[in-house]
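The structure appears right after this line, and notes come after that.
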Amino acid sequence: MTQISLTDIFQGYTKRRGVFKNKNTLSIAFTPENIPHREDQIKQLGMILAPLLGGEKPSNIFIYGKPGTGKSLCIKHISEKINERANGKVRTLYINCKMRRVSDTEYRLLSQLLSFFDVEVPYTGLPTDSLYNKFFKLLDEKEQNVLLVLDEIDALVKKVGDGILYNLTRINQELEKTKLTIVGISNNISFINDMDPRVKSSLSEEEVLFPPYNASEIKDILRERSLLAFNENALSPGVLEKCSALAAQEHGDARKALDLLRIAGELAERMGNEQVLKEHVDVAEKKLDRDKTMEIIKSQPKQSQCVLLSVIDLYKSGTKNIQTGDIYDVYTRMCKKAGVKVLTQRRVSDLISELDMFGILNSKVISKGRYGRTREIRLSMSLDMINKIENFLKHVLI
DNA sequence: CCTCCACAGGAAGCGCAGGAGT
DNA sequence: ACTCCTGCGCTTCCTGTGGAGG
C-alpha cells in the first residue's frame with residue numbers, strides 16, 4: 001500500500017515537466033567539458049603540468065585569484081585530462097585547507113592526506129613528525145606522480161604559519177621514487193609575499209593569475225551551463241542577465257552566479273512554475289546570502305555563538321561603536337545564563353577575529369586617543385537577517 | 001611635547017585526551 | 001599499569017601602540 005502510493009508520487013514527480021533537465025551541472029562538483037574565458041590559464045597550466053605525461057616532475061605552482069574565478073575548477077579539469085592520458089598514473093590529492101576541525105592545522109592536514117591512502121590516524125596523540133614519516137613512506141612505496149592541490153592555503157598559513165609548506169617542499173626533495181608537485185591556491189594575492197623566502201621560491205616556481213570575470217563573461221558561462229541544466233524555454237528572458245549582473249557586482253564570482261541560477265530554478269519548481277522568472281532570482285539572492293551565513297553560524301562552537309549573540313544584543317540595545325570590552329561584559333552575563341564556561345577576554349578577542357574572517361562581523365582596529373585602542377565591531381547584514389540569527393542562537397543557547 | 005587609556009596580539013605554558021613503548 | 005610523548009584549546013603574562021587630552 002505504502003509502496004504503491006510512493007511509486008505514484010515518484011512517477012508523478014518524474015512525469016511532471018520541471019524546469020530542470022540536470023540540476024547537477026550547476027553544482028560546484030560538476031566539471032564541464034568546456035570552460036569559457038579561461039583558455040589562457042588552462043593553456044598555461046597545461047604547459048606547466050605537461051611533464052607529468054612523461055613521468056617527469058613539473059614545477060610547483062601557485063595560483064591566485066578571487067573566489068569564483070575558476071581556480072579549483074581548472075585544476076580539477078586539467079588533472080582529470082592528464083589522468084586520462086597517463087592511464088591513471090597521476091594521482092591528484094585535493095584538500096581545502098580551511099575546513100574547521102578537518103584540515104585547519106598541520107596535524108589535521110596530514111591526517112587528511114593519509115586518509116586518501118586509506119590510512120586512518122587518531123585525531124590526537126601522535127607526533128606530527130610521525131605523520132610526515134607515514135605520508136613519506138606511502139608516497140615512496142611505488143613509483144608515481146602525485147599532484148597535491150592545497151586550496152585556500154592562505155587561510156591555513158595565516159593560522160599556523162608557513163612551516164607546513166616548508167616541510168612539504170622538503171619532503172619533495174627527499175622522495176626517491178615519487179614526484180610530488182604542489183599546487184597552492186590562494187584568494188589573496190599579497191599573501192605570498194610575506195612568506196619565508198625559501199618557501200616562496202620553491203612553491204611559486206610558476207604563478208598563474210585568475211582575474212575576475214566581467215558580467216558578459218559570466219553570462220557566457222551561465223548560458224553554456226543552462227543548456228545542460230534546464231529544459232528548453234525554462235528560463236524566461238533576462239534571467240541569465242540578472243544572475244550575471246548580480247554576480248559581477250561581487251568581484252566577478254561565477255560560483256555565485258551558478259548558485260543563484262540553481263536556487264532560482266529550485267524556487268520556480270517548488271512553486272509549480274514552468275519557467276524561471278526574474279523575480280525568482282531576487283528571492284534566490286536573499287536566500288543564498290541567508291543560507292550561507294546560517295551555515296557558518298551553525299558550524300561555530302558554542303563560545304563563538306555566545307560572542308555573536310552578545311554583539312547582536314548590543315546592536316539591538318542601540319549601542320553604537322561596539323567595542324571588545326562591551327562585548328566581553330555582555331558575553332560573561334550571557335555565558336552564565338546559558339550555563340557555558342566563561343572564557344578570557346584574550347580568547348574572546350580571538351573568537352571575534354575568527355567571526356570576522358568568516359565575514360559574519362566586520363571588525364576594525366581603531367584608536368580613540370585618550371580613550372584607548374580597541375576594535376570596533378559592526379554587523380553587516382540586514383535587520384531581517386539579524387533577527388533570524390538572534391532567534392536561532394537564543395534557541396540553541398538558552 | 002608627553003601621558004596614558006583600552007585594548008591588540010605575541011609568547012609561553014598549562015591541562016586534557018589520547019597516543020606509543022615498556 | 002605505567003611513563004612519557006603529542007596536539008589543541010585555552011589561560012597567563014606580557015609588550016606594543018595611535019592619538020585625544022593635557
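Any value given below was found using the heavy atoms of this structure, including those in side chains, with hydrogens, waters and symmetry copies removed. In what follows, every chain begins at residue 1, and chains take the letters A, B, ... in the order their sequences are listed.
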With a 6.0 Å cut-off on ring centres, are A/Phe230 and A/Phe20 close enough? yes
Does A/Glu106 reach a base, just sugar-phosphate, or nothing at all? Heavy atoms under 4.0 Å. nothing
Does a salt bridge link A/Glu241 with A/Lys278, judged by any charged N lying under 4.0 Å from a carboxylate O? no
N or O in side chain of A/Gln323 less than 4.0 angstrom from B/dC7 OP1/OP2: yes
How long is the line joining OH of A/Tyr371 and C1' of C/dG18, in whole Å? 15 Å
Between A/Arg347 and C/dC10, does any side-chain N or O lie under 4.0 Å from OP1 or OP2? yes
For side-chain hydrogen bond (donor to acceptor under 3.5 Å, both in side chains), just list the numbers for A/Lys368 and A/Gln323, CA-CA rounded to whole Å, side-chain angles, deciding distance to a tenth of an Å, and then say yes or no. CA-CA 11 Å; A/Lys368 298 189 296 165; A/Gln323 54 191 56; 2.7 Å; yes
Rounded to the Å, how far apart are A/Arg346 CZ and B/dA6 P? 19 Å
How long is the line joining CG of A/Asp326 and C1' of B/dC7, in whole Å? 12 Å
So does A/Ser349 get a side-chain nitrogen or oxygen closer than 4.0 Å to the phosphate oxygens (OP1/OP2) of B/dA8? yes
For A/Ser130, answer base if it contacts any base atom (sugar-phosphate contacts may also be present), sugar-phosphate if it contacts only those atoms, and nothing otherwise; contact means non-hydrogen atoms under 4.0 Å. nothing
Pair A/Lys256 + A/Glu285, salt bridge at N-O below 4.0 Å: yes
Reckon A/Val160 touches a base, only the sugar-phosphate, or nothing at all at heavy-atom distances under 4.0 Å? nothing
